[in-house]
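One structure is given here, and the rest of the page talks about it.
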Amino acid sequence: MKHYQISKYIIVILLLYTQTGCQKDFLDQKPDLSITTPSTLADCQVILDNYDRMNGSYPDHGEAAADNYYFTDASYDALYDYNVKIQESKANYIWDPKGEHVVQWGAPYAVVYSANLVLSVLEKLPIDDPNYKIIKGSALFYRAFAFYHLAQLFCKPYVTTTATTDLGIPLRLTPEPNEKSARGTVQQVYDRITQDLIEAIVLLPVEVKIKSRPSKAAAYAALARTYLAMEDYPKAGKMADECLKLQNTLIDYNETNEIPTATTVKSNSSGPSFTRFNAEVIFQSVTISGTLDPNIARIHPLLYNSYSTDDRRKSVFFGEGSDWMGNPNGVIGFRGNYDGTLNPVLFMGLATDEMYLIRAECYAHAGNTTLAMTDLNTLLAKRMMPPYINRTAANPNDALVQILTERRKELVFRTLRWTDLRRLNKDPQFAVTLRRDMNTITHSPLLPNDPRYTFLIPTKEVIELTDIEQNPR
């Protein structure tokens with residue numbers, strides 16, 4: 001009974017997400033079916049094409065707990081506690097040690113459930129249909145993608161010496177509601193993620209009709225991101241390289257036809273700078289944030305001021321917000337969303353700019369300064385005002401510092417900063433202490449490697465039902 005309750009709980013969370021109705025405009029032409037007993041490849045494809053569930057149900061609390069933005073007392077108080085998601089988001093912003101993350105846990109597990117359901121149906125079908133392999137590869141990709149995002153919040157950061165004993169997340173591999181839930185180890189979690197993605201690479205096509213479906217390049221990119229989180233830099237670099245062999249286009253931020261609303265920081269700031277499925281997108285997915293509204297979430301001055309005057313990203317990524325009447329309010333908010341919409345819907349999928357930065361970082365870790373800076377310059381030449389003069393580095397560490405600096409500036413609000421903080425805080429050279437400075441309340445700073453970098457598993461809905469071990473505080 002306990003395990004049935006968990007499955008039912010996940011479905012409730014799924015409904016909370018899908019009722020938002022986000023991103024339906026380009027998929028309206030697809031059948032809106034409720035498949036209670038899927039039995040065919042067509043049924044499986046419909047399940048995987050449910051955009052709200054499979055592409056729009058990923059966590060935002062890592063990004064919202066990071067250091068790219070801040071609230072004033074007034075803007076924080078303006079987040080009225082009108083639903084559970086906002087209540088959880090407010091607690092998350094101040095790193096409440098007892099904060100709950102119910103939606104963050106349930107929605108990715110709904111993705112896992114759907115992927116497992118498809119895989120269970122495929123076991124009963126003949127494999128001679130050419131779509132069989134693609135559907136199986138897609139299901140494996142989605143399951144791995146969901147497990148990865150759960151691991152960034154609810155598992156300790158990957159450390160080679162402790163991964164075989166650190167607690168992971170439950171690895172549900174069947175759609176059976178009575179399957180026993182147990183926490184494996186961090187090593188088992190990452191082994192499952194990488195295994196699923198490696199298998200998916202063989203099965204997935206090079207080209208897909210729409211970027212909300214996984215491709216071979218997407219599986220390579222997801223592996224690169226995963227190995228980077230594991231600090232396995234040789235494998236991360238190799239996977240990024242394999243991805244870029246298939247897709248390597250970069251948008252030139254100086255070309256206004258590619259960025260239709262990018263002119264100055266206060267011009268056309270009410271609209272996003274990019275279109276959905278732009279040339280850099282490898283795999284389309286989003287998160288729905290409870291706190292990152294561009295009209296109230298202020299970009300941290302240290303981040304905003306780190307962009308030079310000849311850096312196109314400063315005007316492309318940021319713009320002045322407005323009040324509910326549409327009047328400018330002086331708040332510099334984020335608008336460089338690769339989803340083509342404004343927050344609170346944020347692109348957190350896979351794109352070529354991330355792959356160039358991963359490969360560059362891995363070259364630096366390997367001591368190859370020349371190739372590291374070649375990748376960095378390839379990216380920055382598309383971001384800076386011409387004429388661009390290639391940067392140089394005195395040594396691999398100098399290259400690494402430059403690459404990590406640009407990584408933060410390039411991949412802002414992609415839900416990657418939290419994972420970067422978790423891995424980089426292990427190195428004293430890059431460790432940072434985060435603070436929330438508000439006038440009325442003093443909040444404890446988030447020190448490097450603080451236990452709060454690993455979120456609590458939802459207490460009432462999971463811990464009390466399963467008796468699995470909670471993360472420490």
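Every value quoted in this text rests on a predicted model; they were computed, and no experiment measured them.
Residues Asp353 and Arg383 form a side-chain contact, since some pair of their non-hydrogen atoms from C-beta on lies under 4.5 Å apart. Looking at heavy atoms from C-beta onward, Ile193 lies out of side-chain contact with Phe145 at the 4.5 angstrom threshold. The shortest side-chain heavy-atom distance between His101 and Phe154 falls under the 4.5 Å cut-off.
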#### Entry: Pair Tyr453-Trp418, side chain to side chain contact (heavy atoms under 4.5 Å, CB included): steps then yes or no
CA-CA 8 Å; Tyr453 270 106; Trp418 187 249; 3.4 Å; yes
### Query
Under the side chain to side chain contact (heavy atoms under 4.5 Å, CB included) criterion, do Phe347 and Val281 qualify, and how do the steps go?
CA-CA 10 Å; Phe347 174 82; Val281 172; 4.1 Å; yes
### Verdict with reasoning, Tyr158 to Asp232, per side chain to side chain contact (heavy atoms under 4.5 Å, CB included)
CA-CA 10 Å; Tyr158 186 93; Asp232 188 337; over 6 Å; no
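Using modelled atom types, one side-chain atom of Asn254 and one backbone atom of Met384 make a donor-acceptor pair closer than 3.5 Å. Looking at Ser315, its side chain does come within 3.5 Å of a backbone N or O of Arg312 through a donor-acceptor pair. With hydrogens and angles disregarded, a donor-acceptor distance shorter than 3.5 Å links the side chain of Asn305 to the backbone of Pro301. Using a distance-only test at 3.5 Å, with no hydrogens or angles considered, a donor-acceptor pair links the side chain of Arg422 to the main chain of Gln152. Of the possible polar contacts, none joining the Ser75 side chain to the Phe71 backbone as a donor-acceptor pair under 3.5 Å is found. When atom types are taken as modelled, the side chain of Lys156 and the backbone of Asp166 share no donor-acceptor pair closer than 3.5 angstrom.
Nearest heavy atoms, Lys85 versus Val103: NZ-CG1, 4.5 Å.
Under the 6.0 Å cut-off for aromatic ring centres, Phe317 and Tyr304 do not qualify, their centroids lying 6.0 Å or more apart. Remark: aromatic rings of Tyr69 and His300 are distant, center separation not under 6.0 Å. Under the 6.0 Å cut-off for aromatic ring centres, Tyr109 and Tyr113 do not qualify, their centroids lying 6.0 Å or more apart. In summary, the aromatic rings of Phe455 and Trp95 are positioned with their centroids too far apart to meet the 6.0 Å limit. The aromatic ring centres of Phe318 and Tyr307 sit less than 6.0 Å apart.
Checked for salt-bridge contact, Arg423 and Glu361 meet the test: a charged N lies under 4.0 Å from a carboxylate O. Between Asp67 and Arg417, at least one side-chain N (NZ, or NE/NH1/NH2) sits under 4.0 Å from a carboxylate O, which counts as a salt bridge.
Checked against Lys409 for a side-chain contact (heavy atoms from CB on, under 4.5 Å), the options Leu404, Asp311, Leu380 give a single hit: Asp311.
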